[in-house]
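Written below as structure tokens is the structure these notes are about.
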Protein chains: 2
Amino acid sequence: MLEFAILGLLQQSPMHGYELRKQLAEVLGGLRSISYGSLYPALKRLHAAGLVCTDEPDRRAPLPADAPPLTGRRGKVVYTITAEGKERFAELVSQAGPEAYDDGRLFGVHLAFFRHTAADVRLRILEGRRRTVERQRDGLRSSLARTRERLDRYTLELQRHGLDSVDREVRWLSELIDSERRDPGRQTGEGPEPPSGTD
Amino acid sequence: MLEFAILGLLQQSPMHGYELRKQLAEVLGGLRSISYGSLYPALKRLHAAGLVCTDEPDRRAPLPADAPPLTGRRGKVVYTITAEGKERFAELVSQAGPEAYDDGRLFGVHLAFFRHTAADVRLRILEGRRRTVERQRDGLRSSLARTRERLDRYTLELQRHGLDSVDREVRWLSELIDSERRDPGRQTGEGPEPPSGTD
DNA sequence: TCCCGATGTATCGTCCCGATACATCGACCG
DNA sequence: CGGTCGATGTATCGGGACGATACATCGGGA
């Protein structure tokens with residue numbers, strides 16, 4: 001998930017971890033920002049996989065355990081996406097497996113990079129997500145109907161509010177889907193499928 | 001968090017892990033259910049801490065690494081809360097530190113056990129949560145105002161929807177708080193503070 | 001009878017998080 | 001001129017939660 005988001009951001013321009021985190025928070029909807037404990041390991045994984053590279057020479061690897069803990073100049077590290085990284089990102093964008101629908105955050109990241117996504121894949125993702133949320137809504141609704149008498153006021157309120165939220169999300173997704181259907185080619189931008197290519 | 005929820009459920013009646021998971025999903029708002037990878041380690045921690053006990057004799061500990069992987073009868077295990085567990089739960093309920101407000105799930109669990117919670121603590125928790133969500137809302141709102149022109153339609157929609165959600169949550173909390181203020185002693189039930197005790 | 005799905009317990013590797021430590025830089029102030 | 005304070009910036013650690021998976025039991029239908 002995080003890797004996907006990082007690749008998407010680095011595709012736009014090279015960045016520091018710090019900056020990356022801020023952009024990430026912005027893209028993710030502002031409410032939940034990513035922690036450094038997630039970000040740096042993710043960057044390390046991406047670097048190890050050759051999907052990003054750094055301008056930092058090699059001050060990273062050596063450092064034996066007995067050295068005083070990193071009291072050498074620790075400069076900024078700018079991360080840049082590689083050609084493999086771009087390939088991988090395009091792959092992730094176009095595949096959009098069903099796991100993208102269950103996790104709201106992964107869906108959010110996908111949505112944030114929709115301008116890199118082909119119109120048919122966009123529709124697939126939106127509908128998949130709607131299906132997931134609809135299932136949640138139905139489960140919640142029947143659970144609420146089943147347990148209406150057994151539960152106290154607070155639990156009931158919590159479930160009512162939750163049901164209202166998912167219900168609104170379904171409607172929101174439906175609006176997005178409708179608008180997508182009305183005007184499929186809206187702003188694909190730089191997707192891997194130019195509109196002239198009819199496969 | 002999970003420990004808190006488990007103790008709260010076991011307080012009502014002893015249960016299997018499987019059953020516990022279903023109840024948990026119900027209490028948590030139905031949308032996100034807990035996985036066994038969380039549940040069983042949590043039960044193990046609680047058992048190690050002496051907060052719950054099992055009816056299972058001791059088929060658990062031995063089993064050296066070279067034995068064929070657990071081909072002995074593995075029966076159901078009923079977990080029961082201990083006296084220490086009840087104490088701990090009452091402690092967690094009444095303390096309700098500020099960390100309860102940041103995490104929506106922890107807040108949800110607290111809310112689900114509000115009938116075990118004293119009225120003043122209830123109010124404190126609700127207001128703390130509202131403050132957290134208000135901050136989220138304000139941050140999101142200003143971020144949206146700042147970036148309105150730079151972002152594409154999809155990201156904007158995502159943020160608009162997110163803002164709408166937190167806004168609704170604030171209003172929902174405000175209604176709960178108002179109703180709580182109007183009628184503080186509503187249904188404390190079995191809280192550790194009987195209404196006659198004026199401290 | 002035999003298999004299949006629901007029930008049920010348990011672990012593994014992985015991801016993510018909060019807390020923390022450490023380092024650099026500019027600004028403001030004495 | 002120097003000091004410190006907050007923003008910027010990199011990095012790790014322990015722990016919690018998750019998905020996937022394995023294993024076991026039991027009832028019912030082909």
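Reminder, nothing fancy here: chain letters follow the sequence lines and each chain counts from 1.
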Strand-adjacent residues in residues 15-22 of chain A, judged by heavy atoms under 4.0 Å from DNA chain D: A:H16, A:G17, A:Y18
Integer-rounded Å distance: C:dG8 P and B:Y79 OH: 13 Å
Residue pair B:D167, B:R141: steps toward the side-chain contact (heavy atoms from CB on, under 4.5 Å) verdict: CA-CA 10 Å; B:D167 211 40; B:R141 193 171 278 166; 3.4 Å; yes
Mate of D:dC18 where both pairing distances stay under 3.5 Å, Watson-Crick or G-U: C:dG13
Nearest-Å distance for atom pair OH/C1', residues A:Y36 and D:dG14: 20 Å
Atom-pair distance (CG on A:L2; P on C:dT14), nearest Å: 17 Å
Short side-chain N/O contact from B:R45 to OP1 or OP2 of D:dG16, under 4.0 Å: yes
Side-chain (B:R122) to main-chain (B:F114) donor-acceptor, under 3.5 angstrom: yes
Working for ring pair (Phe, Tyr, Trp, His ring centres under 6.0 Å), residues B:Y79 and B:H47: CA-CA 9 Å; B:Y79 292 89; B:H47 188 253; 7.2 Å; no
Listed nucleotide nearest any side-chain atom of A:K44, set D:dT10, D:dT12, C:dC16: D:dT12
Side chains of A:L10 and A:T80 in contact at under 4.5 Å (non-hydrogen atoms): no
Phosphate contact (C:dC17 OP1 or OP2) by A:S38 side-chain N/O below 4.0 Å: yes
Length of the CG-P vector between B:L106 and D:dG15, whole Å: 19 Å
Parallel, tilted or perpendicular: rings of B:F89 and B:F113 (30°, 60°): perpendicular
Closest nucleotide among C:dG18, C:dT11, D:dG9 to the A:S35 side chain: C:dG18
Atom pair distance, as rounded to whole Å: CG in B:L39 and P in C:dT7: 16 Å
Contact check, side chains of A:R168 and A:D164, non-hydrogen atoms, under 4.5 Å: yes
Which nucleotide in D:dA11, C:dT11, D:dC18 has an atom nearest any side-chain atom of A:Y40: D:dA11
Euclidean distance, atom NZ of residue A:K76 to atom P of C:dG26 [Å, nearest integer]: 9 Å
Plane angle bin for A:F107 and A:W172 - parallel if under 30°, tilted between 30 and 60°, otherwise perpendicular: perpendicular
Atom-to-atom span, CD1 of A:I6 to P of D:dT10 - whole angstrom: 12 Å
Atom-to-atom span, CD1 of A:I34 to P of C:dC15 - whole angstrom: 14 Å
